[in-house]
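Below, chain A is the first sequence line, B the second, and so on; all start at residue 1.
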Amino acid sequence: DQQVKQNSPSLSVQEGRISILNCDYTNSMFDYFLWYKKYPAEGPTFLISISSIKDKNEDGRFTVFLNKSAKHLSLHIVPSQPGDSAVYFCAATDFSGGYNKLIFGAGTRLAVHP
Amino acid sequence: SQTIHQWPATLVQPVGSPLSLECTVEGTSNPNLYWYRQAAGRGLQLLFYSVGIGQISSEVPQNLSASRPQDRQFILSSKKLLLSDSGFYLCAWRIQVLYGYTFGSGTRLTVV
(Lines give C-alpha, C1' and ligand atoms only; values in the text may rest on other atoms or scores of the structure.)
Protein backbone atom coordinates (compact mmCIF):
# COMPACT_ATOMS: atom_id res chain seq x y z
CA ASP A 1 0.00 0.00 0.00
CA GLN A 2 1.78 3.10 -1.26
CA GLN A 3 1.37 6.08 1.04
CA VAL A 4 3.15 8.43 -1.36
CA LYS A 5 2.28 8.18 -5.04
CA GLN A 6 3.78 9.69 -8.13
CA ASN A 7 1.47 8.54 -10.88
CA SER A 8 3.48 9.91 -13.80
CA PRO A 9 6.59 7.81 -14.39
CA SER A 10 7.95 10.27 -16.93
CA LEU A 11 7.59 13.84 -18.16
CA SER A 12 9.08 15.56 -21.20
CA VAL A 13 9.35 19.36 -21.32
CA GLN A 14 10.94 21.85 -23.67
CA GLU A 15 13.72 24.03 -22.34
CA GLY A 16 12.42 27.32 -20.96
CA ARG A 17 8.94 25.99 -20.28
CA ILE A 18 7.44 25.04 -16.94
CA SER A 19 7.81 21.52 -15.53
CA ILE A 20 5.10 20.38 -13.13
CA LEU A 21 5.65 17.20 -11.16
CA ASN A 22 2.80 15.84 -9.08
CA CYS A 23 2.57 13.78 -5.93
CA ASP A 24 -0.33 12.43 -3.89
CA TYR A 25 -0.32 11.02 -0.39
CA THR A 26 -2.76 9.14 1.77
CA ASN A 27 -1.62 9.75 5.36
CA SER A 28 -2.96 13.02 6.75
CA MET A 29 -0.47 12.78 9.63
CA PHE A 30 2.55 13.50 7.44
CA ASP A 31 4.26 16.66 8.70
CA TYR A 32 6.82 17.56 6.08
CA PHE A 33 7.12 16.95 2.40
CA LEU A 34 10.33 16.96 0.42
CA TRP A 35 11.47 16.72 -3.15
CA TYR A 36 14.69 14.99 -4.11
CA LYS A 37 16.53 14.94 -7.40
CA LYS A 38 18.47 11.88 -8.49
CA TYR A 39 20.94 11.30 -11.30
CA PRO A 40 21.80 7.75 -12.45
CA ALA A 41 24.23 5.88 -10.19
CA GLU A 42 24.14 8.64 -7.58
CA GLY A 43 22.32 9.14 -4.31
CA PRO A 44 19.31 11.48 -4.24
CA THR A 45 20.00 15.10 -3.33
CA PHE A 46 17.64 17.33 -1.43
CA LEU A 47 15.89 19.95 -3.54
CA ILE A 48 13.13 21.68 -1.59
CA SER A 49 10.74 20.98 1.27
CA ILE A 50 7.52 22.28 2.73
CA SER A 51 5.93 22.06 6.14
CA SER A 52 2.34 20.88 6.36
CA ILE A 53 1.36 24.23 7.88
CA LYS A 54 2.28 26.04 4.65
CA ASP A 55 0.84 25.89 1.17
CA LYS A 56 3.78 27.21 -0.81
CA ASN A 57 7.55 27.34 -0.62
CA GLU A 58 9.77 28.90 -3.23
CA ASP A 59 13.50 28.61 -3.84
CA GLY A 60 14.79 30.17 -7.03
CA ARG A 61 13.35 28.32 -10.01
CA PHE A 62 11.71 25.72 -7.78
CA THR A 63 8.34 26.09 -6.06
CA VAL A 64 6.47 23.45 -4.12
CA PHE A 65 2.72 23.75 -3.58
CA LEU A 66 0.81 21.81 -0.96
CA ASN A 67 -2.95 21.22 -0.99
CA LYS A 68 -3.71 19.45 2.28
CA SER A 69 -7.41 19.00 1.64
CA ALA A 70 -6.62 17.15 -1.56
CA LYS A 71 -3.53 15.46 -0.09
CA HIS A 72 -1.62 16.64 -3.11
CA LEU A 73 1.63 18.46 -3.70
CA SER A 74 3.41 19.58 -6.79
CA LEU A 75 6.85 20.81 -7.79
CA HIS A 76 7.10 23.57 -10.36
CA ILE A 77 10.35 24.27 -12.18
CA VAL A 78 10.43 27.53 -14.11
CA PRO A 79 12.17 27.91 -16.47
CA SER A 80 13.18 24.32 -17.11
CA GLN A 81 16.78 23.69 -18.13
CA PRO A 82 18.46 20.62 -19.69
CA GLY A 83 20.43 20.14 -16.46
CA ASP A 84 17.14 19.57 -14.66
CA SER A 85 16.80 16.23 -16.45
CA ALA A 86 16.78 13.63 -13.67
CA VAL A 87 14.44 11.47 -11.61
CA TYR A 88 12.46 13.45 -9.04
CA PHE A 89 11.22 11.78 -5.89
CA CYS A 90 8.50 13.09 -3.65
CA ALA A 91 8.84 12.13 0.02
CA ALA A 92 6.95 12.59 3.27
CA THR A 93 8.13 12.37 6.84
CA ASP A 94 6.47 9.74 8.98
CA PHE A 95 6.83 9.91 12.77
CA SER A 96 4.73 6.85 13.54
CA GLY A 97 6.41 4.51 15.99
CA GLY A 98 8.38 7.39 17.46
CA TYR A 99 10.99 7.40 14.71
CA ASN A 100 11.48 9.74 11.82
CA LYS A 101 11.22 7.98 8.47
CA LEU A 102 11.04 9.24 4.94
CA ILE A 103 8.44 7.58 2.74
CA PHE A 104 9.22 7.98 -0.96
CA GLY A 105 7.13 7.89 -4.08
CA ALA A 106 8.18 5.85 -7.11
CA GLY A 107 9.72 8.86 -8.85
CA THR A 108 9.11 10.79 -12.06
CA ARG A 109 11.75 10.94 -14.76
CA LEU A 110 11.96 14.47 -16.16
CA ALA A 111 13.53 15.05 -19.56
CA VAL A 112 14.13 18.66 -20.59
CA HIS A 113 14.82 19.04 -24.30
CA PRO A 114 16.70 21.97 -25.86
CA SER B 1 32.07 19.04 7.72
CA GLN B 2 29.47 16.31 7.77
CA THR B 3 29.82 13.58 5.16
CA ILE B 4 28.55 10.10 4.49
CA HIS B 5 30.62 7.38 2.85
CA GLN B 6 29.30 4.25 1.26
CA TRP B 7 31.17 1.41 -0.44
CA PRO B 8 31.65 -0.39 -2.70
CA ALA B 9 30.13 1.56 -5.59
CA THR B 10 29.34 -1.55 -7.60
CA LEU B 11 29.20 -5.21 -6.73
CA VAL B 12 28.44 -8.37 -8.69
CA GLN B 13 27.78 -11.40 -6.54
CA PRO B 14 26.60 -14.94 -7.31
CA VAL B 15 23.35 -16.27 -5.90
CA GLY B 16 23.90 -17.81 -2.49
CA SER B 17 26.97 -15.75 -1.64
CA PRO B 18 27.15 -13.46 1.42
CA LEU B 19 26.91 -9.67 1.33
CA SER B 20 28.35 -6.87 3.40
CA LEU B 21 27.83 -3.20 2.53
CA GLU B 22 29.28 -0.55 4.77
CA CYS B 23 28.27 3.01 5.48
CA THR B 24 30.07 5.50 7.71
CA VAL B 25 29.24 9.04 8.72
CA GLU B 26 31.69 11.77 9.64
CA GLY B 27 31.24 15.07 11.42
CA THR B 28 28.33 14.18 13.66
CA SER B 29 27.48 11.98 16.61
CA ASN B 30 24.52 9.73 17.32
CA PRO B 31 22.97 10.13 13.88
CA ASN B 32 19.80 8.40 12.74
CA LEU B 33 20.91 6.08 9.94
CA TYR B 34 18.88 4.39 7.21
CA TRP B 35 19.26 1.79 4.47
CA TYR B 36 17.11 2.20 1.36
CA ARG B 37 16.89 0.13 -1.80
CA GLN B 38 15.84 1.20 -5.26
CA ALA B 39 14.86 -1.81 -7.33
CA ALA B 40 14.79 -1.50 -11.12
CA GLY B 41 11.97 0.83 -12.19
CA ARG B 42 10.79 1.37 -8.65
CA GLY B 43 11.01 4.00 -5.94
CA LEU B 44 13.09 4.10 -2.80
CA GLN B 45 12.08 1.49 -0.26
CA LEU B 46 13.13 1.83 3.37
CA LEU B 47 14.79 -1.37 4.57
CA PHE B 48 16.26 -0.59 8.00
CA TYR B 49 16.77 2.33 10.30
CA SER B 50 18.83 2.81 13.43
CA VAL B 51 18.69 5.44 16.14
CA GLY B 52 21.77 4.22 18.00
CA ILE B 53 24.40 1.53 18.50
CA GLY B 54 22.84 -1.91 18.40
CA GLN B 55 19.37 -0.50 17.71
CA ILE B 56 17.97 -1.73 14.41
CA SER B 57 14.41 -1.60 13.15
CA SER B 58 13.33 -3.47 10.05
CA GLU B 59 10.66 -2.09 7.78
CA VAL B 60 10.28 -4.97 5.35
CA PRO B 61 10.77 -8.70 5.98
CA GLN B 62 13.47 -9.90 3.64
CA ASN B 63 16.68 -11.75 3.10
CA LEU B 64 18.77 -8.93 4.53
CA SER B 65 19.91 -7.80 7.96
CA ALA B 66 21.54 -4.68 9.35
CA SER B 67 23.89 -3.95 12.21
CA ARG B 68 25.28 -0.85 13.88
CA PRO B 69 28.47 -1.84 15.70
CA GLN B 70 29.65 1.74 16.17
CA ASP B 71 27.93 5.11 16.44
CA ARG B 72 28.82 6.19 12.91
CA GLN B 73 28.86 2.82 11.17
CA PHE B 74 25.91 1.04 9.61
CA ILE B 75 26.26 -2.32 7.84
CA LEU B 76 23.87 -4.13 5.54
CA SER B 77 24.36 -7.89 5.29
CA SER B 78 23.03 -11.09 3.87
CA LYS B 79 24.06 -14.67 4.48
CA LYS B 80 22.83 -15.91 1.10
CA LEU B 81 21.93 -13.54 -1.70
CA LEU B 82 18.90 -14.05 -3.93
CA LEU B 83 18.40 -12.77 -7.46
CA SER B 84 15.69 -10.48 -6.11
CA ASP B 85 18.26 -8.72 -3.90
CA SER B 86 19.65 -6.94 -6.95
CA GLY B 87 19.20 -3.19 -6.81
CA PHE B 88 20.69 0.14 -5.86
CA TYR B 89 21.34 0.36 -2.13
CA LEU B 90 21.54 3.71 -0.41
CA CYS B 91 22.63 4.65 3.07
CA ALA B 92 21.21 7.86 4.49
CA TRP B 93 21.63 10.05 7.53
CA ARG B 94 19.08 12.45 8.92
CA ILE B 95 20.20 16.03 9.41
CA GLN B 96 17.02 17.78 10.42
CA VAL B 97 13.41 17.40 9.53
CA LEU B 98 13.12 20.18 6.96
CA TYR B 99 16.08 18.91 4.97
CA GLY B 100 15.29 15.25 5.19
CA TYR B 101 18.25 13.01 4.71
CA THR B 102 21.69 13.13 3.20
CA PHE B 103 22.29 10.10 1.05
CA GLY B 104 25.47 8.27 0.25
CA SER B 105 26.50 7.68 -3.34
CA GLY B 106 24.94 4.22 -3.37
CA THR B 107 25.99 0.66 -4.21
CA ARG B 108 24.79 -1.02 -7.37
CA LEU B 109 24.38 -4.70 -6.48
CA THR B 110 23.84 -7.26 -9.21
CA VAL B 111 23.17 -10.81 -8.14
CA VAL B 112 23.88 -13.31 -10.93
*Would you mind checking which part of B:Leu44 comes under 4.5 Å of any heavy atom in chain A, side chain (CB onward), backbone (N, CA, C, O), both or neither?*
both
*Are B:Leu81 and B:Val15 connected, step by step, through hydrophobic side chains (Ile, Leu, Val, Met, Phe, Trp, Tyr) whose heavy atoms are closer than 4.5 Å?*
yes
*Option that, when pairs with chain A are counted at under 4.5 Å, heavy atom only, ranks first among B:Ala92, B:Ser57, B:Ser105*: B:Ser105
*More than 12 non-hydrogen atoms from neighbouring residues, nucleotides or ligands closer than 6.0 Å to CZ on A:Arg61, yes or no?*
yes
*asked:* For a quick test of reading the model, state the closest non-hydrogen atom pair linking B:Tyr49 to A:Lys101 and the distance between them.
replied: CE2-CD, 3.5 Å
*Which residue out of A:Pro44, A:Ala41, A:Gly105, A:Gly107 racks up the most heavy-atom pairs below 4.5 Å with chain B?*
A:Pro44
*Can you check whether B:Tyr101's main-chain N or O pairs, donor with acceptor, with A:Tyr36's side chain at less than 3.5 Å?*
yes
Anything under 3.5 Å between a donor and an acceptor, one on a side chain of residues 83-90 of chain B, the other on a protein residue two or more places apart or in another chain? List them.
residue : atom : partner  : partner atom : Å
B:Asp85 : OD2  : B:Asn63  : ND2          : 2.9
B:Asp85 : OD2  : B:Leu82  : N            : 2.8
B:Ser86 : OG   : B:Leu83  : O            : 3.1
B:Ser86 : OG   : B:Val111 : N            : 2.8
B:Tyr89 : OH   : B:Arg37  : NH1          : 3.0
B:Tyr89 : OH   : B:Asp85  : O            : 2.5

*Is any side-chain heavy atom of B:Leu46 less than 4.5 Å from a side-chain heavy atom of A:Phe104?*
no
*Answer yes if A:Tyr25 and A:Ile103 sit in the same cluster of Ile, Leu, Val, Met, Phe, Trp and Tyr residues linked by side chain heavy atoms under 4.5 Å apart, and no otherwise.*
yes
_Chi angles and distances behind the side-chain contact (heavy atoms from CB on, under 4.5 Å) call for A:Phe46, B:Thr102_ = CA-CA 7 Å; A:Phe46 170 78; B:Thr102 292; over 6 Å; no
*For A:Phe65, check ring-ring contact (aromatic ring centres under 6.0 Å, His included) against everything at least two apart and list the hits.*
A:His76
*Output, in order, the C-alpha distance, side-chain angles, deciding distance and verdict of side-chain contact (heavy atoms from CB on, under 4.5 Å) for B:Phe103 and A:Thr45.*
CA-CA 7 Å; B:Phe103 284 87; A:Thr45 54; over 6 Å; no
*Are A:Trp35 and A:Ile20 connected in the hydrophobic side-chain network, where two residues link if heavy atoms are under 4.5 Å apart?*
no
